[in-house]
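Per chain, numbering begins at 1; letters A, B, ... match sequence-line order.
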Number of protein chains: 2
Amino acid sequence: MLLVLTKRQKEIISIVSQFEPISGDEIASKLDLSKSTIRSDLSFLSHMDYLDARQKVGYLLGKKNNETETYSEIAKMKVSEVMAVPEVIDESLPLYDAIATMFLANVGSIYIHKNKSLVGVVSRKDMIKSMMGGADISKLPVGIVMTRMPNVVWVTPNTTVVSAAQLIISHQIDSLPVVEVLKEEGKTVYRVVGRFSKTVVSKLFCETFSEN
Amino acid sequence: MLLVLTKRQKEIISIVSQFEPISGDEIASKLDLSKSTIRSDLSFLSHMDYLDARQKVGYLLGKKNNETETYSEIAKMKVSEVMAVPEVIDESLPLYDAIATMFLANVGSIYIHKNKSLVGVVSRKDMIKSMMGGADISKLPVGIVMTRMPNVVWVTPNTTVVSAAQLIISHQIDSLPVVEVLKEEGKTVYRVVGRFSKTVVSKLFCETFSEN
């Protein structure tokens, strides 16, 4: 990871981001430290463009700041911050409905629920396999085609983006349902609240590394 | 981008990487500079962990070095460095063969060629659409189902990974054929040499941001 700043240096950046422009004395007083104690931090942060030191104005956030934050923020980022809208249908509906939903919503996987709790996932490959088997897609319930819980790999909104991406790769799947796990009348309910997919990861990759 | 080093600082790192351990005097002499001229660079690079300064040993590469390189290297990385193996079949074959190839090779899209030149791409959605239309997949030629050139979005081995990922997102597709464009007997030939997909991007994302 690229985080090379000390805790105090990060505090200084946080103070400057709230109060810019702010003098070195004011920063020191907010930290309950003397200015001489933080002098080397200030000069280091300015040299590295984390801070922009302007005479007679004070310290402002420097341009370097945004860049490193991007990198370290992605390592800490949660699925809830980037997840897409899930497409969910009831397990009693025919496969046809899952296929139609896939095209209409332009997604790769459809999540299946029963009594508003996740019970399975249907991928494009599942759909193709069923059709090759000669299924009547307007009659076959999607619940028969789907990958069923507990074999579904899912994450919560609080899972980190990096862990979720690793699950996608290690399980060779296109997307993960994002669920909130609740207890209702003594039963565990998996409420689908999002979709985390290779598309989401790819978008994040582009945003992180594109020049613009 | 995170590259904050000056040209001279990068030269110093490059020298250390070749000759470590190496003294400050030796570094200076390789740069045709005096040691006092590069003293502030050496202390900066050591402070930032780009260099590891050891008494009586000299300068070694520091641990910070690898990390920033990772970040800037990804921005410069070419498709050829990460592309996967393409699955290519002839356009005269039936759709069934494309579907079987998709399952056997566990890929999302099949590239179609004619006379060893790319003429189209068949995605999983194309397959599903055809099957919904009631096609006899063992008879229907894949050339009828595919997205045909010039409507296929492709890249070359020399395209940057970031540009390729942006194409995937902007065109809402799962993968891009990687092609070498050649002239053969006055005709343009698109020879498929790789596959660049959201899976490739997601793997790269994991490698970049995972802690391990």
Side-chain angles (χ1 to χ4, degrees), chain A residues 1-4 40 44 47-50 63-64 67-68 70-72 74-77 96 99-100 102-103 106 108 123-125 127-132 135 137-138 160-170 172-174 197-212, chain B residues 1-4 40 44 47-50 63-64 67-68 70-72 74-77 96 99-100 102-103 106 108 123-125 127-132 135 137-138 160-170 172-174 197-212:
Chain A
M1 291 286 88
L2 274 163
L3 224 48
V4 294
S40 70
F44 168 77
H47 181 71
M48 289 298 295
D49 282 339
Y50 285 100
K63 58 180 188 296
K64 180 69 178 58
E67 299 160 357
T68 301
T70 305
Y71 195 96
S72 58
I74 283 174
K76 286 183 295 182
M77 195 177 265
Y96 181 92
I99 294 174
M102 182 197 68
F103 278 106
N106 196 26
S123 70
R124 288 173 292 192
K125 285 196 174 176
M127 295 171 184
I128 294 170
K129 224 180 254 177
S130 292
M131 291 168 116
M132 281 190 92
I137 59 171
S138 61
T160 65
V161 164
V162 175
S163 309
Q166 285 172 325
L167 284 175
I168 282 183
I169 296 301
S170 61
Q172 301 192 350
I173 48 185
D174 281 346
S197 66
K198 287 181 195 165
T199 307
V200 172
V201 178
S202 300
K203 277 183 186 167
L204 203 52
F205 181 90
C206 287
E207 286 165 14
T208 308
F209 291 105
S210 75
E211 293 286 346
N212 307 314
Chain B
M1 291 290 86
L2 275 163
L3 224 47
V4 294
S40 70
F44 168 77
H47 181 70
M48 288 298 294
D49 283 339
Y50 284 100
K63 59 180 188 295
K64 178 73 177 60
E67 298 160 357
T68 302
T70 305
Y71 195 95
S72 58
I74 283 174
K76 287 182 295 181
M77 194 177 265
Y96 181 91
I99 294 173
M102 181 196 70
F103 278 106
N106 196 25
S123 71
R124 288 173 292 193
K125 285 196 175 177
M127 295 171 183
I128 294 171
K129 224 180 255 177
S130 292
M131 291 167 116
M132 281 190 91
I137 60 171
S138 62
T160 66
V161 165
V162 176
S163 309
Q166 285 172 325
L167 284 174
I168 282 183
I169 297 302
S170 61
Q172 301 192 350
I173 48 186
D174 281 347
S197 65
K198 287 180 195 167
T199 308
V200 172
V201 178
S202 299
K203 278 184 185 165
L204 203 51
F205 181 90
C206 287
E207 286 165 15
T208 309
F209 292 104
S210 76
E211 293 285 347
N212 306 317

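Partner Cys206(B) forms a side-chain contact (heavy atoms from CB on, under 4.5 Å) with one of Val162(A), Val201(A), Leu167(A), Ile169(A) and no other, that one being Ile169(A).
Closest non-hydrogen pair, Met131(A) versus Ile128(B), comes out as CE-O, 3.8 Å. Minimum heavy-atom separation, Phe103(A) to Met132(B): CE1-SD, 4.4 Å. A pairwise comparison of heavy atoms in Ser202(B) and Ser202(A) identifies OG-OG, 4.5 Å as the closest pair.
A distance of 6.5 Å separates CG in Asp174(A) from CG in Asp174(B), rounded to the nearest 0.5 Å. Here NZ of Lys198(A) is found 10.5 Å from CD1 of Ile168(B). Values are rounded to the nearest 0.5 Å. How far CZ of Phe209(A) is from NZ of Lys76(B): 13.0 Å, rounded to the nearest 0.5 Å.
Arg124(A) places none of its side-chain heavy atoms less than 4.5 Å from the side chain of Met127(B).
Annotation: Lys203(B), atom NZ; neighbour count of heavy atoms from other residues, nucleotides and ligands within 6.0 Å does not exceed 12.
With sequence neighbours left out, Ser130(A) forms a side-chain hydrogen bond (donor to acceptor under 3.5 Å, both in side chains) with no residue at all.
For Asn106(B), the parts sitting under 4.5 Å from any heavy atom of chain A are the backbone and the side chain alike.
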